[in-house]
Amino acid sequence: SLPSECSLDVLSECRLCYWVSSNSPLAEQSEITISQAVKYPVIVPTKSDLKMMEAIYAAYGSKVKVVAECENPYLIHKMVANNFGITPDAAIIDDEWMLKYAFSGKNDVKAVSVKPDKNYFSRLCLISLNSNKKTVLEKHVTNFLLNQNWRV
């Protein structure tokens with residue numbers, strides 16, 4: 001919930017996936033449910049991802065087991081490829097997974113889509129103050145974002 005002085009505009013629904021080892025049973029599926037994913041340990045790139053994963057796992061009756069918190073894409077790839085855990089990802093503009101640059105061309109990992117679920121989804125949102133005292137730049141950027149001009 002947002003404070004009453006703020007508003008939220010959804011810019012995009014994101015597709016979600018988990019990168020898994022090609023040797024994982026999850027790799028055999030074209031998509032998985034979040035209930036399946038929360039049974040596996042995770043590798044998270046940031047503390048904010050860790051907080052998010054803790055909340056997701058708790059919502060699905062599990063406690064997150066973190067293998068590593070690591071910002072290095074090479075190490076994340078190696079840990080996933082060696083089946084130490086799975087790592088979450090999203091496609092913000094509906095085309096490419098954000099971590100694809102790190103995993104592209106690697107046969108030892110696979111992105112497995114998360115089946116759409118009304119209780120588990122990701123959105124890119126613009127949160128702004130409802131103040132009438134916006135600068136010209138703030139108005140321009142807000143208009144740019146809300147009119148979908150940011151999409152490539």
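All residue numbers in this chain count up from 1 along the given sequence.
A search for side chain to side chain donor-acceptor pair (under 3.5 Å) contacts involving Y40 returns nothing, not counting sequence neighbours. Here V38 pairs with I34, I56, Y57, Y60, S62 under the side chain to side chain contact (heavy atoms under 4.5 Å, CB included) rule; sequence neighbours left out. Residues satisfying the side chain to side chain donor-acceptor pair (under 3.5 Å) test with N130, not counting sequence neighbours, are S7. In this structure, S4 has no side chain to side chain contact (heavy atoms under 4.5 Å, CB included) partners at least two apart in sequence or on a different chain. For D89, the side chain to side chain donor-acceptor pair (under 3.5 Å) criterion is met by W19, not counting sequence neighbours. Residues passing the side chain to side chain contact (heavy atoms under 4.5 Å, CB included) test with C125 are L8, V10, R123, sequence neighbours excluded. A55 meets the side chain to side chain contact (heavy atoms under 4.5 Å, CB included) test with no other residue; sequence neighbours excluded.
Between A90 and C14, the shortest heavy-atom contact is CB-CB, 4.3 Å. Across every non-hydrogen atom of C6 and I127, the tightest pair is CB-CG2, 4.3 Å. Here the closest non-hydrogen pair linking K110 and A27 is NZ-O, 2.7 Å.
Remark: L2 CG to L129 CG distance equals 10.5 Å, nearest 0.5 Å. Residue D49 holds its CG atom at 7.5 Å from OG1 of T87, rounded to the nearest 0.5 Å. Rounding to the nearest 0.5 Å places CD1 of I86 at 6.0 Å from CG of L26.
In this structure, V136 stands alone, with no Ile, Leu, Val, Met, Phe, Trp or Tyr side-chain heavy atom under 4.5 Å from its own, directly or through other members.
Judged as a side-chain hydrogen bond (donor to acceptor under 3.5 Å, both in side chains), the pairs with a partner in residues 21-34 (not counting sequence neighbours) are, in order, Q29-Q36, T33-Q36.
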Throw together a table of side-chain donor-acceptor distances under 3.5 angstrom for residues 63-78, partners on residues two or more places apart or in other chains.
| residue | atom | partner | partner atom | Å |
| --- | --- | --- | --- | --- |
| N72 | OD1 | Y74 | N | 2.8 |
| N72 | OD1 | L75 | N | 3.2 |
| H77 | NE2 | D108 | OD1 | 2.8 |
| H77 | NE2 | D108 | OD2 | 3.4 |

